[in-house]
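Letters go in sequence order (proteins before strands), and every chain restarts at 1.
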Amino acid sequence: MLGDSLKLVNNILGIKDIAAFSPQIQLLIWGIAILLLSVFVKDKKSRMNISFYFSLLGVFFSGWSYIKLLRLEGIYDGEGIKFFNGIFKLDGITIFFYGIFLLAGLLTILLSKRFLEEESTFESEYYSLLLLSIMAMMCMAGSNDLIGIYISLEFMSISIYVLVGYLRKQLRSTEGAIKYFILGAFSSGLLLFGMSFIYGMGGTTNLTQLFRILTGGKSAISEPLLVLSMLLILAGMGFKVAAVPFHMWCPDAYEGAPTPITAFMSVAPKAAGFVIFIRLFFSLFKTITYEYVSVLALLSIITMTVGNVIAVKQTNIKRLLAYSSISHAGFILMGLLARNEFALKSIGMYILCYLFMNIGAFAIVIVMRRKNIIGEELDDYKGLIHTHPVMASFMTVFLLSLAGIPPTAGFVAKYFVFSTVIKEFLKSGDRLLLYVAVVGAINAVIALYYYFRIVKRMFMGEPTKESEEKVAVNFYSGLSIGIAFFFTLFIGVYAEPFIRFADLIGNSFRSLF
Amino acid sequence: MEILGVPILNAVTYFPLIGFLVILLIPKSKETLIKIVANVTGFIGFLISLPLIINWYKPEVVNGMKNGMRYVIDVPWIRTIGARYQFGIDGISLLLVLLTTLLGFIAILSSWSAIKDRVKEYYAYMLLLQTGMLGVFMATDLFLFYVFWEVMLVPMYFLIGVWGGPRKLYAAIKFFLYTLAGSVLMLLAIIALYFKYISIYGWEHRTFSLFKFMQVGFDPQFQWWAFLAFFIGFAIKVPMFPFHTWLPDAHVEAPTAGSVILAGVLLKMGTYGFVRFSLPLFPDAMIKFTPLLMTLCVIGIIYGALVAMMQADMKKLVAYSSVSHLGMTMLGVFALTQVGIQGGVIQMINHGISTGALFLIVGIVYERRHTRLIKEYGGLSHNMPLYATIFLIMTLSSIGLPGLNGFIGEFMILQGTFARHDLRVYAILAASGVILGAAYMLWLYQRVMFGKLEKEENKKMKDLNLREVFTFVPLIILAVWIGIYPSFWLKYLKAPVKKITDIYQKKMVEKKVELNSKLKVDYKGMKRIINNNNMSEE
């Protein structure tokens, strides 16, 4: 069966239109294979192991096709390559985000094994849905059509709603899933509503054509209607990336979800949300400047500040990281304020750095989870330096990175978003941008305070009796933490190759139009 | 200049880092081994920094000078944003680098018996801190500078937070948050400078290099904003008057070695930042703000001294005396005259020596008695004669007695300030700080050392052992050396300070700030005196 599917894929790779989809197809095949597996393998333990390896293989083969895609000609210059009559576009942005999603997926799968063993609940759907959601995100990254965007967004969201509610015997997991689902459906409605206005004005769903019509200065385009649809889409996407005031679902869903899924959700769907931001706001609403900058500046300021201020009081580490991820969304929004190549690059860089440091921090939370103590309260981390010195040191590096202290990835990320705003400020002289930067700076200080509430407990607290028990870190979670740690430090010390990778997305700025 | 094929500045900076990595590999239980490794690293670290000064005037070093910097390392680092790995030192950095390696070693040596738990981590942080601090004094690329500037916050946080006193957690996070708040604003200003430069010279010439920025005359309005952001960053670190509140907390709670490093080196990073970055980059803003800055300095000097006088805790007293002394240092720097800035820089070194030593002195009785309250002591000179002698020398050095280092610094600062007609009133007010300084220090000495030895616990206290004496020896030698032969050190400062004052000379003529002609003669006379080292003692 394995060989057949490989041959099939290899055959398909030759066809041009399908080629763009080859990483997705790999994920789809392996995702379905995992589902089918549950029919044939009855023993729960071996089913669990096999699904794990299958999902790893899925990501591996998908990554392989991805690397093949990188060499496709014409991706990086100008318009990118269009497939399926212009519904799907392969350009630097798509390629960059493919990489982000695959990496996030890989790290999450590596982390899942131990977590599922610890929870002793397993259904094959777990890995299957994970792979399918990655696939949907990849489709999202390349969508050049309103319909395409919407469908892949829904595909992704539904997969993740289910994954959030995966621990269905736990009340909080169910609660989080329901909350996420209802608010998510509502936000999709808003998004669709906004899109319908655009369709009404433009008469097409293709982004390239829409751009020409909407920015062509035709009298049929009414400015207020365009602003209204922008606001609606902003609200809809605001839900997806958990920007304040659309963040209500976020802490509950993060807390309730299985921790590897929380780690995944805090990075991948957020990144996917920002792709849509880029695709829509950088091109379609290019003509709206005043409203765009002021609304987005406000959104960014509120998101950073509220996320950070609420995080200060949290006692559950998952909730704390949830609020911190809200404030990070605020920082990324800061990068969206300027609509130029540099801004694109800084968003890409931020997401790349954020991927490693945030999944790293969650990975430690997963590893530190033990049977007799939940390992999610901040106090469970008391004296970690005595019991698990390596884990405590790694966690400190991840938290320092999240706080943006050099020489870690987080600093490079912060540097880039601040640069974008300051650059735009010097160019346009709009004071609002300066205020955003200063608020961002103040927020960096607040953030440090609550991240160091964890560090304080780890280094200056005394371990309790239960927490003295040693945790055996299995190979896969160790690998995942190792990868995250390595890149968090490496980007901080020598960011050059990663900035070049982020240039992929910066350079395809022109392909947005 | 290279050591074993490594450029010397890299060797000096990263040698402690190697020690740090070695310590990480040693098991926790082998405490003596860890101590030995740390001490040896500290000592060798100091030794390899000595060639810097020994070879200073060698032709190959002088010929290798770039922008007035010696031992320059300049390689591309992050090409896409134009950040370079740019190290280099001039006379100002040289003195501070030597101070850092020396105090770093002394701090490590002084902790031998003071630190009993979590030995491994302690020495690891000490060495990491050392690398961070050295990088700050060497980096001439603003991006690189910022990285080092923040890196050193983390080990210091742990040093205060883990091995500190009763309110250590509060003090540690307060220290971290205060400094971070300032430095993030500075980051914004650095980015602004970067893009301002790009807007003039184009994206191809993107750079963070200080010297490139110095060539641009930024417009006054822009300077004003950027200066303010840098000012907050540096002023918190110094700390200058309204930003000083973190300092007493951090000092009181920090372990002895932490206090020594904090007072001796960390605070100098702020003053150094002003001299290295603010002064050359923002001359217009600097001249405009001088009255305000001077006022803050004078308030700091007098307020710090008055508060120090009222302290019941010895360490807190020394901490507030730091606020006062650093106000004095900044006064000299902000006077913008050759003598004033030279005096300011030499006073940084003096403060490092005398206050570092005073913290060690407090630490020694604290280790024996576990209290720092002045009223718990009295009459210690009876059973600790050696201790009393060293304490006295350092007290006098801190007060500014002629013949010891403090005098040179304070005299030059006051003279440099007085030389400027418009700043005389500040010099006069600041001089009162010297008197107050004598009052609180001598009073402290009197209460702790003289009188009858009444308390039973104090009678049992032993005098200094050999290791402890050894920690003081280099500091005493330096205090006397700077006191009676300052020109040996001042000669390194002349050229780099001249470079800064040249900028201002031009600006001042433009702004018609006239130097008082009569005092100008005195100023020359002072220079002659110093150059001929005809100080009263010789």
Side-chain angles (χ1 to χ4, degrees), chain A residues 342 345 349 385-386 389-390 392-393 396-397 399-400 403-408 411-412 414-427 434 437-438 440-450 452-453 455-457 459-461 491-500 502-503 506, chain B residues 24 28 76-81 83 85 117-118 120-121 124-125 132 135 143-144 146-154 157-158 160-164 168-170 172-174 176-196 198-199 203 222 225 229 232:
Chain A
F342 194 77
K345 188 162 110 179
M349 203 59 204
I385 186 72
H386 301 296
V390 177
S393 315
T396 308
V397 171
L399 292 175
L400 281 173
I405 306 286
T408 53
F411 167 65
V412 180
K414 285 241 160 61
Y415 164 78
F416 270 100
V417 285
F418 280 141
S419 286
T420 310
V421 178
I422 296 277
K423 190 182 176 202
E424 190 68 9
F425 165 66
L426 289 175
K427 213 175 95 196
L434 184 66
V438 173
I442 295 166
N443 268 296
V445 180
I446 304 174
L448 181 94
Y449 175 71
Y450 64 79
F452 267 61
R453 286 179 66 217
V455 175
K456 184 173 85 184
R457 281 173 176 75
F459 281 77
M460 293 145 210
I491 298 178
V493 175
Y494 188 60
E496 177 75 15
F498 302 93
I499 298 174
R500 285 190 186 280
D503 269 344
Chain B
L24 284 190
K28 229 191 313 194
W77 177 28
I78 309 176
R79 277 171 212 268
T80 32
I81 60 169
Y85 182 83
D117 60 331
R118 300 170 75 176
K120 177 176 168 174
E121 282 174 71
Y125 293 133
F143 195 83
L144 187 64
Y146 188 80
V147 168
F148 280 111
W149 175 272
E150 293 234 309
V151 160
M152 105 312 122
L153 292 178
V154 181
Y157 166 82
F158 285 117
I160 300 174
V162 177
W163 293 273
K168 57 190 179 182
L169 296 178
Y170 169 75
I173 198 72
K174 189 173 179 182
F176 205 151
L177 293 180
Y178 261 68
T179 352
L180 187 73
S183 53
V184 182
L185 287 176
M186 187 167 79
L187 176 67
L188 294 185
I190 291 175
I191 295 171
L193 283 175
Y194 170 73
F195 282 114
K196 202 78 182 173
I198 286 172
S199 71
W203 177 248
F222 177 74
W225 283 107
I232 294 173

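Residue contact with chain A, scored on non-hydrogen atoms closer than 4.5 Å, is absent for B:Y178. Interface remark: B:L153 contributes no atoms to any contact with chain A (heavy atom separation under 4.5 Å). Contacts between B:W203 and chain A at a heavy-atom distance below 4.5 Å involve the side chain alone, from C-beta outward. When heavy atoms are compared at a cutoff of 4.5 Å, B:K168 does not approach chain A at all. Interface residue B:L188: backbone and side-chain heavy atoms are both found under 4.5 Å from chain A. For B:Y146, the parts lying under 4.5 angstrom from a heavy atom of chain A are both the backbone and the side chain. With a 4.5 Å cut-off on non-hydrogen atoms, A:F342 touches chain B through its side chain but not through its backbone. Neither the backbone nor the side chain of A:V421 comes within contact range of chain B; no heavy atom of the residue lies under 4.5 Å from a heavy atom of that chain. B:L169 touches chain A through its side chain: at least one heavy atom from C-beta onward sits under 4.5 Å away, while N, CA, C and O do not. For B:I173, the part lying under 4.5 angstrom from a heavy atom of chain A is the side chain only.
Smallest separation of non-hydrogen atoms from B:I81 and B:Y194: O-OH, 2.6 Å. Counting all heavy atoms, side chain and backbone alike, A:F418 lies closest to A:A437 at CE2-O, 3.5 Å. Closest approach of B:R79 to A:E496, counting heavy atoms only: N-OE1, 2.6 Å. Nearest heavy-atom pair across B:V147 and A:P407 is CG1-CB, 4.3 Å.
When A:S419, A:A441, A:S393 are compared by the number of non-hydrogen pairs under 4.5 Å with chain B, A:S419 comes out ahead. Between chain B and the residues A:H386, A:K427, A:K414, the most heavy-atom pairs under 4.5 angstrom are made by A:H386. For the set A:L434, A:L448, A:I499, the entry with the most heavy-atom pairs within less than 4.5 Å of chain B is A:L448. Note on A:Y415, A:Y494, A:Y449: by heavy-atom pairs under 4.5 Å with chain B, the leading option is A:Y415. Most heavy-atom pairs under 4.5 Å with chain B, from the set A:I442, A:V438, A:L426: that is A:L426.
Ring-plane geometry between A:F459 and B:Y125 is classed as tilted, the angle between the planes lying from 30 to 60 degrees on a 0 to 90 degree scale.
Within the model, atoms CG of A:L400 and CD of B:E150 stand 10.0 Å from one another, a figure rounded to the nearest 0.5 Å.
A donor-acceptor pair under 3.5 Å is formed between the side chain of B:K120 and the backbone N or O of B:L24. Formation of a donor-acceptor pair under 3.5 Å by the A:T408 side chain with backbone atoms of A:G404 is not found in this model.
Note: B:F176 and B:F158 fail the aromatic proximity criterion, with ring centroids not under 6.0 Å apart.
Between B:R118 and A:I385, some side-chain heavy-atom pair lies under the 4.5 Å cut-off.
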